[in-house]
Amino acid sequence: MALWSRRMRTPPAKAMMAFTESLSFDRALWRDDLDGSIAHVRGLEHTGVLDEADTAKLLAALDAVGAEFSSGRFEFVADDEDIHTAIERRVTELAGDAGAKLHTARSRNDQVATALRLYTRRRLGEVGNLALDLGETLRERAARAEGIMLPGYTHLQRAQPVALASQLLAHGWALARDVDRLLDTRRRLDVSPLGAGALAGSSLLLDPDWVAGELGFAGRFDNSLDAVADRDFVAETLFDLALLGVHLSRLGEEFVLFSTTEFGFYQLDDAWSTGSSMLPQKKNPDIAELARGKAGRLIGHLTGFLATLKGLPFAYNRDLQEDKEPLFDAFDQVTRALVAVRGLVDTVRFDEETMSTAAADPALYAVDLAEWLVERGMPFRRAHGLVGDLVRRSLEESKPLAELVLAEPALGRNAVPVVEPDLAGATRPKGAPAARGGVADQLERFAERLRADRARLDGTGRPTR
Ligand code: ARG
């Protein structure tokens, strides 16, 4: 029987329940719902609404329900509408009249908002740590790749040589910003809605500040309507996860590209690749492709949920139940992607020779040649034109760039080493960006950033209990 059945003359239609139920997915909130209920019960005792005996019975029943969930023994019944009503039903079975006091001065509206904030807070921490794990793996691979150069690309055309370490760390810095965003979202969501009731609190004495402290929230709601209607934290989290997914997608695309025979820069480890059911020779980069593909779904969760929120009247509406599936799925997908992509990055083999040969393309040093002229007093635009001429002629006349450099009066013998790749790599001027040669400094700064973010992730947002 539904908790509200006595208001109705007739039992609920099966199709109505089938359409409106959320138990099939919100059971993921069991732990958070129990945490919320425990704090609520303690709060009711704290203000004298519940006596010591009922409080003890309720806490014991909530504890027993927690044990049933932990061990997989909790049994749902047909009428359970969602995780919140299922838990209240079971607590009442276990604690009788005391159990029937659980929902005193509480609505599912503030209850569900509380549970979802607790859930989001803990999973943000989990995703943040996994993102830092991947960042750490990128850092390790970069540290071991020092000295390896490859062509850097703009417009997917060869642009300038870059250090492989820098190419890898570019993804690392994006992840570090993701972690910063997750922390930011976590700080803003750290507000307890408990005590807001259905929308306007309760006539019974509550202490929302005290309860917020019990749950380890930084503070309590200021407006009870806002408390039950606000899902900004869901939208923000979906954005954070979508952008993280977009970053993984860009990394994935790079691995797809660099592991083609055409590039030949990366070789994927067998254990982290798939084969073909028909073509015996194939080794496919499915992790990288799915990392790319999942971004579409994550973006869909964000835009879909924003559309759900748009135009909702205050305060709670059942539409808000649609917050859960996209949120849960986004966390699940990003969590799995981070673990798999980490394995991919950790085990990829770098084909140093192919990358170095590609990075030795003299055309990649064209701007260095122009800057060589700038250092000798030529205005940059003229130097750019002069070198552009040489590059075009080198292609048209099928002559090595070095030969034309030697023959050019403004350049000559002393400029040849600039386009002789080995030398050019070794003689980078002192002001050269880290991307070109030494990345020790960048590696150190990145390691420091990872350490700091790890500490920030571990530092806050834990229930005090
Ligand atoms: N399962 C619902 C949700 O997730 C619970 C809230 C239902 N509240 C209500 N007043 N009907 O939103």
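Each ligand, and each atom within it, is numbered from 1 in the order the structure gives. Just so you know, residue 1 is the first one in the sequence shown, and it goes up from there.
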inquiry  = Under the criterion side chain to side chain contact (heavy atoms under 4.5 Å, CB included), I'd like the reasoning laid out for H84 against D26: C-alpha separation, chi angles, the key distance, then a yes or no.
reply    = CA-CA 9 Å; H84 319 289; D26 69 13; 4.2 Å; yes

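Taking the six-membered ring where tryptophan is involved, the planes of Y153 and F258 are tilted, since the angle between them lies from 30° to 60°.
Under the 6.0 Å distance and 45° angle rule, R231 does not count as a cation-pi partner of F305. A cation-pi arrangement is not found for R121 relative to F233, the charged atom failing to lie both closer than 6.0 Å to the ring centre and inside a 45° cone about the ring normal.
A salt bridge links R456 with D453: the closest approach of a Lys/Arg side-chain nitrogen to an acidic carboxylate oxygen falls below 4.0 angstrom.
Residue D82 holds the heavy atom nearest to atom 5 (C) of ligand 1 of all those in D82, L29, L199, V112.
The protein heavy-atom contact nearest to atom 12 (O) of ligand 1 is Y316 OH, 2.4 Å. Remark: minimum distance from atom 11 (N) of ligand 1 to any protein heavy atom is reached at R108 NH2, 3.7 Å.
Only the side chain of N109 comes within 4.0 Å of ligand 1, counting heavy atoms alone; its backbone N, CA, C and O stay farther away. Within the 4.0 Å heavy-atom criterion, both parts of Q321, backbone and side chain, lie near ligand 1.
Rounded to the nearest 0.5 angstrom, F331 CZ and Y119 OH are separated by 6.5 Å.
Under a 4.0 angstrom heavy-atom cut-off, K324 registers as being in contact with ligand 1.
Where the criterion is an N or O separation shorter than 3.5 Å, residue side chain and backbone included, H84 fails it with respect to ligand 1.
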